[in-house]
Protein chains: 2
Amino acid sequence: MAERGRPRTFDRGEALHRAMLLFWEKGYQGTSMSELTAAMGINAPSLYACFGSKEALYRETMALYDDYEGGGFGAALAAAPDARAAIEAYLMGSARLFTRPGKPAGCMVVLSVIQAAGVSEEAACELRGARAEMSGLLEARLRAEAGKGALPASCDISAIASFYITVQQGMSIRARDGATRAELEAVAQGAMLAWDGLTRARA
Amino acid sequence: MAERGRPRTFDRGEALHRAMLLFWEKGYQGTSMSELTAAMGINAPSLYACFGSKEALYRETMALYDDYEGGGFGAALAAAPDARAAIEAYLMGSARLFTRPGKPAGCMVVLSVIQAAGVSEEAACELRGARAEMSGLLEARLRAEAGKGALPASCDISAIASFYITVQQGMSIRARDGATRAELEAVAQGAMLAWDGLTRARA
DNA sequence: CGATTTATTTATCGGTCGATACAGAAAGGT
DNA sequence: ACCTTTCTGTATCGACCGATAAATAAATCG
């Protein structure tokens with residue numbers, strides 16, 4: 001059951017990784033085929049044979065990002081001892097992820113709100129889903145805590161999630177604008193100062 | 001001292017306004033000349049004669065945005081009775097500005113961090129300056145308050161400004177992703193819950 | 001009135017975009 | 001060996017990009 005035909009001369013995963021870094025940095029429309037083929041070290045026909053199209057490649061790089069770069073948040077949220085620690089880990093982890101030397105600043109999924117202009121409606125939906133998923137993870141973690149009675153039943157879980165998602169997305173922009181890790185960590189700590197107020201029982 | 005030559009058949013200000021809406025919505029690279037000329041109701045040579053180039057037009061639309069759309073914040077900050085009210089007005093005003101029916105969602109200046117890919121280094125600097133200016137306005141308002149003794153001298157003014165700027169920029173992304181005005185206003189109120197903690201005197 | 005100046009329309013420029021046709025090269029199957 | 005299959009490099013496709021040259025139209029100036 002060995003492979004038929006001439007074997008590929010490049011590493012598919014490595015090429016995909018390099019494409020991801022480009023799309024992450026410059027967005028979909030902002031990255032040209034010639035930049036892609038140059039960075040991936042292959043010619044256009046090899047790219048099309050291997051990945052299908054520019055958009056299919058983009059979607060695959062986004063999946064790779066979800067799996068390896070933006071990932072780990074689900075586990076971190078679950079591992080935290082309580083909801084407050086989970087949110088803090090989410091923000092502080094984001095501050096670190098958004099400012100890794102040698103990697104584009106900010107979150108590829110968050111920035112795709114703007115950077116994915118030009119992709120098909122189908123792909124845009126997929127991206128919207130990926131962003132909503134993160135929001136869903138946060139809400140789920142908070143609801144789990146509320147279920148344990150650790151949060152007042154009357155507090156607005158989705159509003160809390162919405163607030164911290166917004167802060168994290170703002171951190172993506174700040175990172176792109178040159179903010180340092182220390183600045184983002186200070187922002188994260190600032191956002192945690194709203195925790196008591198947000199989780200206080202409502203009328 | 002009347003005008004020489006054939007008079008222009010279109011309203012320059014109106015054409016600029018239409019170009020602004022396009023750039024605001026789709027960014028610099030994402031807006032093509034043919035889209036611009038179609039929306040402005042003129043042919044390409046008229047555009048070049050009147051505005052110089054696509055980039056010069058973009059920069060002029062950004063100036064227009066600064067003056068008429070994003071403006072009013074300086075005055076609002078100054079008019080507020082105290083620093084807390086100023087910050088709250090800034091965030092609540094942003095929530096309103098980012099979700100005006102018939103206008104693109106979010107802030108053109110904030111989104112330019114990502115949407116201005118492709119412009120010259122000179123224009124990019126100008127945009128960075130425009131973003132820093134807003135941050136400077138916030139800091140100045142806070143320092144004025146600290147000078148009056150209404151804020152502890154030990155609290156970190158630039159960190160407070162950085163936090164609220166980050167929230168506001170996050171609101172721009174959320175608006176682009178479809179967030180409603182009510183959601184953004186809730187986020188703004190959430191951010192104000194951090195105020196007491198942020199302005200408490202430090203060790 | 002011509003002469004000058006400026007704006008408009010039409011047609012098009014060279015360049016780059018994303019995407020492919022084609023022929024040659026390198027593997028397995030028989 | 002030969003055929004089939006798959007990948008590779010070259011060379012290029014039509015479409016659109018941002019930007020203009022040239023000819024025409026509409027105003028003021030002398």
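Chain naming here is simple, since letters A, B, ... match the order of the sequence lines and numbering starts at 1 in each.
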Visitor: Round to the nearest Å and state the distance from A:Tyr58 atom OH to C:dG18 atom P.
Guide: 14 Å
Visitor: Ignoring the backbone of A:Ser53, work out which of D:dC7, D:dA27, C:dA19 is nearest its side chain.
Guide: C:dA19
Visitor: Could you state the atom-to-atom distance from CD1 of B:Ile42 to C1' of D:dA25 in whole Å?
Guide: 17 Å
Visitor: I want to check one thing: is the phosphate of C:dA19, taken as OP1 and OP2, less than 4.0 Å away from some side-chain N or O of A:Tyr48?
Guide: yes
Visitor: Does A:Thr31 reach a base, just sugar-phosphate, or nothing at all? Heavy atoms under 4.0 Å.
Guide: sugar-phosphate
Visitor: Atom CE of A:Met33 to atom P of C:dT20: distance rounded to whole Å?
Guide: 10 Å
Visitor: Taking only the side-chain nitrogens and oxygens of A:Ser32, find out if one of them lies under 4.0 Å from OP1 or OP2 of C:dT16.
Guide: no
Visitor: Would you kindly give the CD-to-P distance between A:Gln29 and C:dT16, to the nearest whole Å?
Guide: 18 Å
Visitor: Does C:dT8 have OP1 or OP2 sitting under 4.0 Å from an N or O in the side chain of B:Ser46?
Guide: yes
Visitor: Would you say A:Asn43 places a side-chain N or O within less than 4.0 Å of OP1 or OP2 belonging to D:dG9?
Guide: yes
Visitor: Applying side chain to side chain donor-acceptor pair (under 3.5 Å) to A:Gln189 and A:Glu88, what does each step give before you reach the verdict?
Guide: CA-CA 8 Å; A:Gln189 293 303 322; A:Glu88 184 166 6; 3.3 Å; yes
Visitor: On the ring face of A:Phe98, is A:Arg100 found with NZ or CZ under 6.0 Å from the centre and within 45° of the axis?
Guide: no
Visitor: How many whole angstroms separate atom CG of B:Leu47 from atom C1' of C:dA7?
Guide: 13 Å
Visitor: If you compare every side-chain N and O of B:Arg4 against the phosphate oxygens of D:dA27 (OP1, OP2), does one of them come in below 4.0 Å?
Guide: no
Visitor: For salt bridge (charged side-chain N to carboxylate O under 4.0 Å, His left out), just list the numbers for B:Glu185 and B:Arg181, CA-CA rounded to whole Å, side-chain angles, deciding distance to a tenth of an Å, and then say yes or no.
Guide: CA-CA 6 Å; B:Glu185 286 173 342; B:Arg181 181 173 294 185; 5.1 Å; no
Visitor: Can you check the B:Phe10 CZ to D:dA25 P distance for me, whole Å?
Guide: 19 Å
Visitor: Measure the spacing between CH2 of B:Trp195 and CZ of B:Phe163 and express it to the nearest 0.5 Å.
Guide: 11.0 Å
Visitor: Between C:dA19 atom P and A:Leu57 atom CG, what is the distance in whole Å?
Guide: 10 Å
Visitor: Does A:Thr9 make a side-chain N or O approach to OP1 or OP2 of D:dC7 shorter than 4.0 Å?
Guide: no
Visitor: Nearest of D:dT20, D:dG9, C:dG18 to any side-chain atom of A:Pro45?
Guide: D:dG9
Visitor: Go through the steps for B:Glu60 and B:Arg12 under the test salt bridge (charged side-chain N to carboxylate O under 4.0 Å, His left out), then give the verdict.
Guide: CA-CA 12 Å; B:Glu60 223 175 304; B:Arg12 190 182 193 279; 2.6 Å; yes
Visitor: For the side chain of A:Ala44, counting heavy atoms from C-beta on, which of C:dT20, C:dA7, D:dA27 is nearest?
Guide: C:dT20
Visitor: Using whole Å, report how far CZ of A:Arg6 lies from C1' of C:dA23.
Guide: 12 Å
Visitor: More 5' along DNA chain D: A:Pro7 or B:Pro7, using each one's nearest nucleotide?
Guide: A:Pro7
